[in-house]
Visitor: 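Encoded as structure tokens, here's the structure I'll be asking about.
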Amino acid sequence: WGAEYEREVQLLGLDAEGEKARMRERLRIDGLLTKRLGPKLFVSPKAMFDWYERHRNALAEPETRVVRVITIKPKGEETADACRERAAAVRRELRDGADFAELARRHSDDPWAEKGGELEPMRKGESGSIFAERVFEMREPGEVSGMFETGQGFHILRLESVRPALVPEFKAVQEDIRRRLVEELRAEHVP
């Protein structure tokens, strides 16, 4: 570990001996703070659980949705109206019970066509997709959107699945919460 650390320090353009001295100093300070502040740095299980309860939504993984898309783009000299009509014909096939993934493979003009139109999972509040707003307006898996237009063409979406937001259990994040609270206490007691 020592040799590997020294190589990394050198790659960063830092002085290996200076870094070792700074680390030793940091360890001495940590040891001194622990001796002097030990009882003040104690975080009770109740304090950790209270913090968890107050911040549980911030700890949650956001809701995730999987959708398929069919994109119809104008071909050659085709007008927007003709393109819209092709997209409307695909939408009618869907209404009549056609398989969305198969129609995406046959008709879609986007990179996801060969995967049956399936997009990467979208996380609520984190997706930069042009479809995100419409995806999170959809309610139930299996729901098919109306046809809509963007600068990329005409689109139809199908909601495949919804994974609700997941809040981790207290036990899974307890140690992280303790470390965070200890750091807050340390900052409070160290000028």
Visitor: Indicate yes or no: does Glu175 engage Arg179 in a salt bridge with an N to O separation below 4.0 Å.
Guide: yes
Visitor: What heavy-atom pair brings Leu181 and Ala47 nearest, and what distance separates the two atoms?
Guide: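 Smallest heavy-atom distance, with atoms named: CD1-O, 4.0 Å.
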Visitor: Mind running side chain to side chain contact (heavy atoms under 4.5 Å, CB included) on Phe131 and Phe136 for me, showing each step along the way?
Guide: CA-CA 9 Å; Phe131 307 125; Phe136 286 96; over 6 Å; no
Visitor: Charged N to carboxylate O below 4.0 Å: is that the case for Glu25 and Arg28?
Guide: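 Looking at Glu25 and Arg28, the cut-off is met.
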Visitor: Taking a hydrophobic cluster as the set of Ile, Leu, Val, Met, Phe, Trp and Tyr residues connected by side-chain heavy atoms closer than 4.5 Å, whether directly or through intermediates, do Val162 and Leu157 fall within one such cluster?
Guide: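 Cluster IDs for Val162 and Leu157 match.
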Visitor: Quick check for you: to the nearest 0.5 Å, what is the distance between Glu149 atom CD and Ile72 atom CD1?
Guide: 12.5 Å
Visitor: Applying side-chain contact (heavy atoms from CB on, under 4.5 Å), name anything that partners Glu77, two or more places apart in sequence or on another chain.
Guide: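 Glu77 satisfies side-chain contact (heavy atoms from CB on, under 4.5 Å) with no other residue.
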Visitor: Residues in salt bridge (charged side-chain N to carboxylate O under 4.0 Å, His left out) with Arg91, at least two apart?
Guide: none
Visitor: Can you list the residues that meet the side-chain hydrogen bond (donor to acceptor under 3.5 Å, both in side chains) rule with Asp81, with sequence neighbours excluded?
Guide: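 Result, side-chain hydrogen bond (donor to acceptor under 3.5 Å, both in side chains) vs Asp81: Arg84.
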Visitor: By side-chain hydrogen bond (donor to acceptor under 3.5 Å, both in side chains), which residues pair with Thr71, not counting sequence neighbours?
Guide: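 Partners of Thr71 under the side-chain hydrogen bond (donor to acceptor under 3.5 Å, both in side chains) test: Asp110, His155.
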Visitor: Do you reckon Phe100 sits in the same ILVMFWY cluster as Met138, going by side-chain contacts under 4.5 Å, direct or chained?
Guide: no
Visitor: Under the rule for side-chain contact (heavy atoms from CB on, under 4.5 Å), what residues qualify as partners of Ala98, not counting sequence neighbours?
Guide: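 In terms of side-chain contact (heavy atoms from CB on, under 4.5 Å), with neighbours along the sequence ignored, Ala98 is linked to Glu93, Leu103.
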Visitor: Report whether Leu159 and Leu94 are members of the same hydrophobic cluster (ILVMFWY, side-chain heavy atoms less than 4.5 Å apart, transitive linking).
Guide: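 Different hydrophobic clusters.
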Visitor: In the hydrophobic clustering (ILVMFWY, side-chain contacts below 4.5 Å, transitive), which residues join Val66, or is it alone?
Guide: none
Visitor: Looking at every non-hydrogen atom in both residues, tell me the closest pair between Met147 and Ala88 and how far apart they are.
Guide: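 Minimum heavy-atom contact is SD-N, 3.6 Å.
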Visitor: Looking at every heavy atom in both Phe154 and Ala87, which two are closest together, and how far apart are they?
Guide: CB-CB, 3.7 Å
Visitor: Would you say CD of Glu169 has more than 12 non-hydrogen atoms from neighbouring residues, nucleotides or ligands within 6.0 angstrom?
Guide: no
Visitor: List the atom pairs, donor and acceptor, that lie under 3.5 Å between side-chain atoms in residues 112-120 and the rest of the protein, sequence neighbours left out.
Guide:
from, atom 1, to, atom 2, distance (Å)
Glu118, OE1, Arg68, NH2, 3.4

Visitor: Does anything in residues 131-143 pair up under side-chain hydrogen bond (donor to acceptor under 3.5 Å, both in side chains), and if so which pairs, sequence neighbours excluded?
Guide: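 As it turns out, there is no side-chain hydrogen bond (donor to acceptor under 3.5 Å, both in side chains) pair with a partner in residues 131-143 once direct neighbours are skipped.
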Visitor: Taking side chain as C-beta onward, heavy atoms only, is Ile156 less than 4.5 Å from Ser145?
Guide: yes
Visitor: Calculate, to the nearest 0.5 Å, the distance between atoms CD and NE2 belonging to Glu102 and His107 respectively.
Guide: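 Those atoms lie 8.5 Å apart.
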Visitor: Which residue pairs pass the ring-ring contact (aromatic ring centres under 6.0 Å, His included) test with at least one member in residues 48-85, sequence neighbours excluded?
Guide: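 Those involving residues 48-85 are Phe49-Tyr52, Phe49-Phe170, Trp51-His55, Tyr52-Phe170.
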Visitor: Tell me the salt bridge (Lys or Arg N to Asp or Glu O under 4.0 Å) pairs involving residues 54-67, sequence neighbours left out?
Guide: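 Sorted pair list: Glu53-Arg56, Glu61-Arg163, Glu63-Arg65.
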Visitor: Would you say Pro62 and Glu126 make side-chain contact, with heavy atoms under 4.5 Å?
Guide: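 Heavy-atom side-chain distance check passes, below 4.5 Å.
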Visitor: Mind checking the CD-CD1 spacing from Gln152 to Ile130? Nearest 0.5 Å is all I need.
Guide: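 Rounded to the nearest 0.5 Å, the CD-CD1 separation comes out at 5.0 Å.
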Visitor: For Arg92, enumerate each residue passing the side-chain hydrogen bond (donor to acceptor under 3.5 Å, both in side chains) test, keeping only those at least two apart in sequence or located in another chain.
Guide: Glu85
Visitor: Lys75 vs Glu78, test: salt bridge (Lys or Arg N to Asp or Glu O under 4.0 Å). Steps then yes/no.
Guide: CA-CA 5 Å; Lys75 296 183 187 227; Glu78 182 179 38; over 6 Å; no
Visitor: Among residues at least two apart in sequence or on other chains, which ones pass side-chain hydrogen bond (donor to acceptor under 3.5 Å, both in side chains) with Arg105?
Guide: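 Scan of Arg105 (side-chain hydrogen bond (donor to acceptor under 3.5 Å, both in side chains), adjacent residues dropped) gives none.
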Visitor: Taking a hydrophobic cluster as the set of Ile, Leu, Val, Met, Phe, Trp and Tyr residues connected by side-chain heavy atoms closer than 4.5 Å, whether directly or through intermediates, do Phe148 and Val90 fall within one such cluster?
Guide: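 They do not share one cluster, since no chain of ILVMFWY contacts under 4.5 Å joins Phe148 to Val90.
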Visitor: How close do Val167 and Ala60 get, heavy atom to heavy atom, and via which atoms?
Guide: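 Reported closest heavy-atom pair: CG2-CB, 3.8 Å.
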